Amino acid sequence: MDASPTPSAAQPPDPETAPLPGPGPGPGPAPDRPEAAPPGAGPRDMPLTVCPTPDLAVPAPHENPAIPPLPARGNGTLATSARTGSKARRLATPIGILAAVSGAFAYVGTVDPNEPGHYPVCPLLQLTGVLCPGCGGLRSAHAFITGDLGTALQANAVATVGYFLFAAVWVLWLVRAWRGQPLRIALAPVWWWGVGAVLLVFAVIRNLPFGSALAP
């Protein structure tokens, strides 16, 4: 029996001490290698971040990007006083005009213009004896405010029609002010000439014998 020792199996080289392939005089100690970065960390120990894409930037369900939310007050209520204040400012002018006109009508309705001494006389009528288009307007207003429409038309038909026209324009003005829309009534010059012509014809007819029904 052969007693010589049996050569052992070849062991794989140690990666820490194995020489790197390349030119050189011979095997030597392996150079230091950088340690592998742990998962989730970038170079120089900087944490990795994920930039959101446009499809991920979704607003909250209760937010509407098209309509900015109203600022909240200290007690949590929405700031609606600005809207209320602007609407009140828009309605102030037509309501103020109505209050002034109502006060004037109330005074004329209380103080009868048919009794002399309460109101001044028309200068044109006092000097020339000619009725102007406005003569009888106070008596017309007094009859209108007391509900006597026939007497109002006889005293001054143009003024009586003007009362209804004023009421229609005022209602339109109030509605547009409530909606935040300005009142714009643009009349062509021909309309103003037409109004002047109507007033002139009315003044002439009421001073003629056959137009005595239009005289106060």
Side-chain angles (χ1 to χ4, degrees), residues 70 78-216:
L70 293 175
L78 296 178
T80 58
S81 60
R83 298 178 180 178
T84 305
S86 62
K87 182 177 293 186
R89 287 191 297 270
R90 294 195 304 267
L91 298 177
T93 303
I95 292 178
I97 295 296
L98 179 64
V101 173
S102 300
F105 268 85
Y107 180 81
V108 174
T110 303
V111 181
D112 191 356
N114 294 296
E115 299 178 2
H118 295 297
Y119 302 95
V121 182
C122 173
L124 181 63
L125 178 63
Q126 188 176 11
L127 295 176
T128 64
V130 176
L131 296 171
C132 74
C135 286
L138 291 176
R139 279 172 278 185
S140 173
H142 177 78
F144 183 82
I145 199 67
T146 55
D148 192 354
L149 186 59
T151 303
L153 287 171
Q154 183 180 1
N156 195 314
V158 172
T160 305
V161 173
Y163 304 151
F164 292 101
L165 182 61
F166 170 79
V169 173
W170 184 85
V171 171
L172 178 62
W173 186 10
L174 183 66
V175 171
R176 294 184 70 88
W178 179 272
R179 297 177 179 177
Q181 301 172 352
L183 178 63
R184 297 175 181 174
I185 300 178
L187 296 178
V190 64
W191 287 97
W192 295 110
W193 284 104
V195 171
V198 169
L199 293 178
L200 179 61
V201 171
F202 174 71
V204 171
I205 293 178
R206 72 190 318 205
N207 285 280
L208 297 176
F210 64 87
S212 58
L214 298 177

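Computed over heavy atoms, backbone and side chain alike; hydrogens, waters and symmetry mates excluded. Computed from a predicted structure; not experimentally measured.
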Result block: side-chain N/O donor-acceptor pairs under 3.5 angstrom for residues 91-101, not counting sequence neighbours:
none

Residues 194-206 side chain polar contacts: donor-acceptor under 3.5 Å, at least two apart:
residue	atom	partner	partner atom	Å
R206	NE	L214	O	3.2
R206	NH1	C132	O	2.7
R206	NH1	C135	O	3.1
R206	NH2	C135	O	3.1
R206	NH2	A155	O	3.1
R206	NH2	L214	O	3.1

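Side chain of R139 to main chain of P113: no donor-acceptor pair is present (N/O by atom type, distance under 3.5 Å, no hydrogens or angles). In this structure a side-chain-to-backbone donor-acceptor pair under 3.5 Å is present from Y119 to V111. Judged purely by atom type and a 3.5 angstrom limit, S140 has no side-chain atom pairing as donor or acceptor with the backbone of A159. In terms of modelled atom types and a separation under 3.5 Å, the side chain of T146 and the main chain of A143 share a donor-acceptor contact. Of the possible donor and acceptor atoms, one in the side chain of R90 sits under 3.5 Å from a partner among the backbone N and O of A177. With hydrogens and angles disregarded, no donor-acceptor distance shorter than 3.5 Å links the side chain of D112 to the backbone of E115.
Between L172 and L183 there is a side-chain heavy-atom pair separated by less than 4.5 Å. Side-chain contact between V158 and P133 is absent, with no heavy atoms from C-beta onward closer than 4.5 Å.
Taking S212 as the reference, nothing meets the side chain to side chain contact (heavy atoms under 4.5 Å, CB included) condition, with sequence neighbours excluded. Q181 is linked by a side-chain hydrogen bond (donor to acceptor under 3.5 Å, both in side chains) to nothing, counting only residues two or more places apart in sequence or in another chain. Among residues two or more places apart in sequence or in another chain, the side-chain hydrogen bond (donor to acceptor under 3.5 Å, both in side chains) test is passed with N207 by none.
Separation of atoms OG1 (T110) and CD1 (I145) is listed at 9.0 Å; rounding is to 0.5 Å. Rounded to the nearest 0.5 Å, atoms CG (L149) and CD (Q154) are 12.0 Å apart.
Within the structure, every pair that satisfies the ring pair (Phe, Tyr, Trp, His ring centres under 6.0 Å) test and touches residues 122-159, not counting sequence neighbours, is listed here: F144-Y163, F144-F164.
Closest approach of V108 and A141 over heavy atoms only: CG1-CB, 4.1 Å.
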